[in-house]
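Structure first, commentary second.
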Amino acid sequence: MVKFPGNNKINLAIFISGRGTNFKSIFNFSKKKNSILKINLVISDNKYAKGLEFSKKKKISTKVIKFVKKRDAENKILKLIKSNKIDLICLAGFMKILSEDFLEKCNLKILNIHPSLLPKYKGLNTHMRVLKNKDKFSGCTVHLVNKNLDAGKIILQRKVKVNKNDTIKSLEKKILKIENKIYPLAIMKTVKSIF
Ligand code: GAR
């Protein structure tokens, strides 16, 4: 039996830096009938992030936090997490690395989506490295965030076949489509395990 916090909804904060397709897919999932998810807060480190347009259109509380001084930025975020009663944080194409201090103070589970079959290809340029190594498969992973980059417990992972004629672009497109599908499922899996 799943027990949910006070208002019967799980309040999510989504962190983005760019396009925001994963954010949109989580939003659409949260709007399904009987959904227990609610996006209460969107944070971006980049004021030009495309995903911000969607967030504003949907009237979600949205904040741009510049990461000039990381500690200041993280302190601002911690306040927002508290004031918006956030239960779970989802990094969705958020390209800043959160400090260990932040992870401790925040004391919430944080999910991240990564475009590779972790533990392979942590960090950037995953598709390029997959093609260079002529891997037969690639994919995407939703994992918990811990102090080490792209190294937390894996929640959900999906494989895709790499074709001979795949390019960085075609692989990215193919994998992003799967990312958008599995992120909401990984959130539900996490929610069921913690509430
Ligand atoms: C996604 O492919 C996500 O896996 C990747 O950024 C993209 C964001 O797309 N994240 C990382 O590389 C994190 N290390 P989106 O803005 O359309 O969701």
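Atoms within each ligand, like the ligands themselves, are counted from 1 in listed order. For reference, positions follow the sequence shown, starting with 1.
- At the top of the distance list for atom 14 (N) of ligand 1, counting protein heavy atoms only, stands His114 ND1, 3.5 Å.
- One option in Gly20, Gly123, Gly93 has a heavy atom closer to atom 16 (O) of ligand 1 than any other, and that option is Gly20.
- For the pair Lys70/Ile97, a side-chain contact is recorded, criterion being any heavy-atom separation below 4.5 Å from C-beta on.
- Shortest contact from atom 5 (C) of ligand 1 to any protein heavy atom: Pro115 CD, 3.9 Å.
- Of the protein's heavy atoms, Ile113 O, 3.6 Å lies nearest to atom 10 (N) of ligand 1.
- The CD1 atom of Ile81 sits 5.5 Å away from the SG atom of Cys106 when rounded to the nearest 0.5 Å.
- Of the charged side-chain nitrogens involved, at least one lies within less than 4.0 Å of a carboxylate oxygen, so that Glu172 and Arg19 count as a salt-bridged pair.
- With hydrogens and angles disregarded, a donor-acceptor distance shorter than 3.5 Å links the side chain of Lys174 to the backbone of Lys161.
- Those atoms of ligand 1 with a heavy atom of Arg19 less than 4.0 angstrom away are 7 (C), 8 (C), 9 (O), 15 (P), 16 (O), 17 (O).
- Contact annotation for Met95 and ligand 1: only side-chain heavy atoms (C-beta onward) come within less than 4.0 Å of the ligand.
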Margin query: Checking Ser17 against Asp45 for the side-chain hydrogen bond (donor to acceptor under 3.5 Å, both in side chains) test, could you report, in this order, the C-alpha distance in whole Å, the side-chain angles of both residues, the deciding distance, and whether it holds?
Written below: CA-CA 6 Å; Ser17 296; Asp45 61 308; 2.6 Å; yes

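- In terms of protein heavy atoms, atom 2 (O) of ligand 1 is closest to Glu179 OE2, 2.9 Å.
- By the 3.5 Å distance cut-off applied to N or O atoms, Thr21 is counted among the residues near ligand 1.
- For the pair Ile14 and Ile60, the minimum side-chain heavy-atom distance is 4.5 Å or more.
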